[in-house]
Enquirer: 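Would you mind keeping the following structure in view while I ask a few things?
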Amino acid sequence: MITGASSGIGEAAARLFAAQGAAVVLMARRKDRLHSLAEEIEATGGRALVTAGDVTTAGDVERAVVAAVGTFGRLDAAFNNAGWGSMGTPLHETDDAVFEQIMDVNVRGVWNCLKQQVPVMLGQGAGAIVNTCSTAGSFATGAIAPYVAAKHAVLGLTRAAAAEYGERGIRVNALMVGSTRTELLETAIERTPGLEQAATARAIQHRLADPVEVARTAAWLCSDQASFITGAGVPVDGGCSAV
Ligand SMILES: NC(=O)c1ccc[n+]([C@@H]2O[C@H](COP(=O)([O-])OP(=O)(O)OC[C@H]3O[C@@H](n4cnc5c(N)ncnc54)[C@H](O)[C@@H]3O)[C@@H](O)[C@H]2O)c1
């Protein structure tokens, strides 16, 4: 199950997971884009199910998990990736509505997913969950304050869930993602001159990530190759957090 599968990192993950043999359940709000992606995956021999919905609505997430289990029989892995943020507004000038939206999508979204996915995985005695966090989950990156706070919370939820369910076969990890060339960032780059340079200046590799580079790490963490990794915030940031 991949949330935020209609673009960026989630879309790249859907293609990659399917190419690696997973039956993928695609969730996001933009139904048309999800259907085109599912058709593309099926045309190359993959299996994909679309369950359009909003991660901030518990009922939508429940429908996605029920559909996943109903269609494919189990839920081996979940990539809770939907998120939203922005930059450029100081804390005291940020609208309360923006604070609420950012908390809702990033924190409540992951919360809703964990609440629905964990019981299924407990029933199976196995499962792997990866939550998309950010370098903003470790330090103030320049994104707006509610996003920095929300991504710190995503790391907290990841660690708490890993600790609670580790003995029962469920691994939970977070991806500490650096600046990645997706719609989220492209929109901000178009609006803010010099942003791309600023976003890549700190990283050792001085470039934006391609979404598939993040997706590859998610696929690895979901696989048995990462069997002794849980509760971790794994950096995929071109060395940004090392310096
Ligand atoms: N792009 C970056 O530089 C960057 C850096 C660090 C972390 N991230 C994180 O990566 C994740 C994916 O973002 P992206 O860069 O691929 O951006 P994106 O905008 O291309 O994709 C975000 C996806 O989440 C979906 N989404 C947003 N709100 C939703 C909601 N309420 N319900 C369901 N789906 C929703 C969007 O439709 C889209 O499919 C996010 O959690 C983001 O915070 C991105």
Side-chain angles (χ1 to χ4, degrees), residues 1-16 24-38 50-61 63-64 79-87 98 100-113 130-144 146-155 157-158 174-190 192 195-196 198-200 202-203 207-215 217-218 233-238 240-241:
M1 173 175 170
I2 301 167
T3 70
S6 63
S7 67
I9 294 166
E11 182 182 1
R15 289 199 181 94
L16 182 74
V24 290
V25 177
L26 310 177
M27 185 183 179
R29 291 160 305 172
R30 290 173 291 182
K31 208 174 186 169
D32 293 351
R33 290 179 68 144
L34 292 181
H35 280 294
S36 316
L37 180 59
V50 169
T51 60
D54 191 321
V55 293
T56 67
T57 305
D60 286 3
V61 177
R63 261 193 311 110
F79 183 29
N80 300 326
N81 164 77
W84 179 74
S86 68
M87 52 188 67
V98 171
E100 274 149 27
Q101 190 182 357
I102 286 182
M103 287 295 168
D104 239 24
V105 178
N106 294 284
V107 187
R108 190 187 299 280
V110 170
W111 170 255
N112 284 338
C113 287
V130 175
N131 299 321
T132 303
C133 195
S134 165
T135 47
S138 315
F139 56 90
T141 53
I144 63 172
Y147 184 78
V148 175
K151 290 303 193 185
H152 274 72
V154 170
L155 184 59
L157 282 173
T158 302
L175 292 181
M176 311 308 280
V177 180
S179 298
T180 305
R181 195 176 290 287
T182 65
E183 266 177 41
L184 186 75
L185 191 62
E186 291 281 14
T187 314
I189 285 172
E190 273 165 31
T192 323
L195 178 61
E196 179 164 351
T200 55
R202 182 175 166 146
R207 66 170 173 84
L208 299 177
D210 186 282
V212 79
E213 294 179 288
V214 183
T217 316
V234 177
V236 192
D237 65 358
C240 182
S241 53

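Indexing begins at 1, ligand by ligand and atom by atom, following the structure's order. Side chains included, hydrogens not; waters and symmetry mates left out as well; all remaining heavy atoms used.
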Enquirer: Work out whether the distance between some heavy atom of Pro211 and some atom of ligand 1 is less than 4.0 Å.
Expert: no

Enquirer: Does Glu213 come within less than 4.0 Å of Arg181, counting only side-chain N to carboxylate O?
Expert: no

Enquirer: Is it the case that ligand 1 has an N or O less than 3.5 angstrom from some N or O of Gly4?
Expert: yes

Enquirer: For ligand 1, find out whether one of its N or O atoms is nearer than 3.5 Å to an N or O atom of Val55.
Expert: yes

Enquirer: So is there a nitrogen or oxygen of Gly10 less than 3.5 Å from a nitrogen or oxygen in ligand 1?
Expert: no

Enquirer: Is it true that Thr3 lies under 4.0 Å from ligand 1, counting heavy atoms only?
Expert: no

Enquirer: Out of Leu184, Ile2, Thr180, who is nearest to atom 3 (O) of ligand 1 when you count heavy atoms only?
Expert: Thr180

Enquirer: Closer than 4.0 angstrom: is that true for some heavy atom of Gly178 and an atom of ligand 1?
Expert: yes

Enquirer: Is the closest heavy atom of Ala136 to ligand 1 under 4.0 Å?
Expert: no

Enquirer: Can you pull out the closest protein heavy atom to atom 42 (C) of ligand 1? Residue, atom name and distance to 0.1 Å, please.
Expert: Tyr147 OH, 3.6 Å

Enquirer: Please confirm whether Arg29 comes within less than 3.5 Å of ligand 1 when only nitrogen or oxygen atoms on both sides are compared.
Expert: yes

Enquirer: Of the protein's non-hydrogen atoms, which lies at the shortest distance from atom 20 (O) of ligand 1, and what is that distance?
Expert: Ser7 OG, 2.8 Å

Enquirer: Is the closest heavy atom of Arg33 to ligand 1 under 4.0 Å?
Expert: no

Enquirer: Can you tell me if Gly109 contacts ligand 1 (heavy atom of the residue under 4.0 Å from the ligand)?
Expert: no

Enquirer: Considering only heavy atoms, which of Asn81, Val110, Val236 lies nearest to atom 41 (O) of ligand 1?
Expert: Asn81

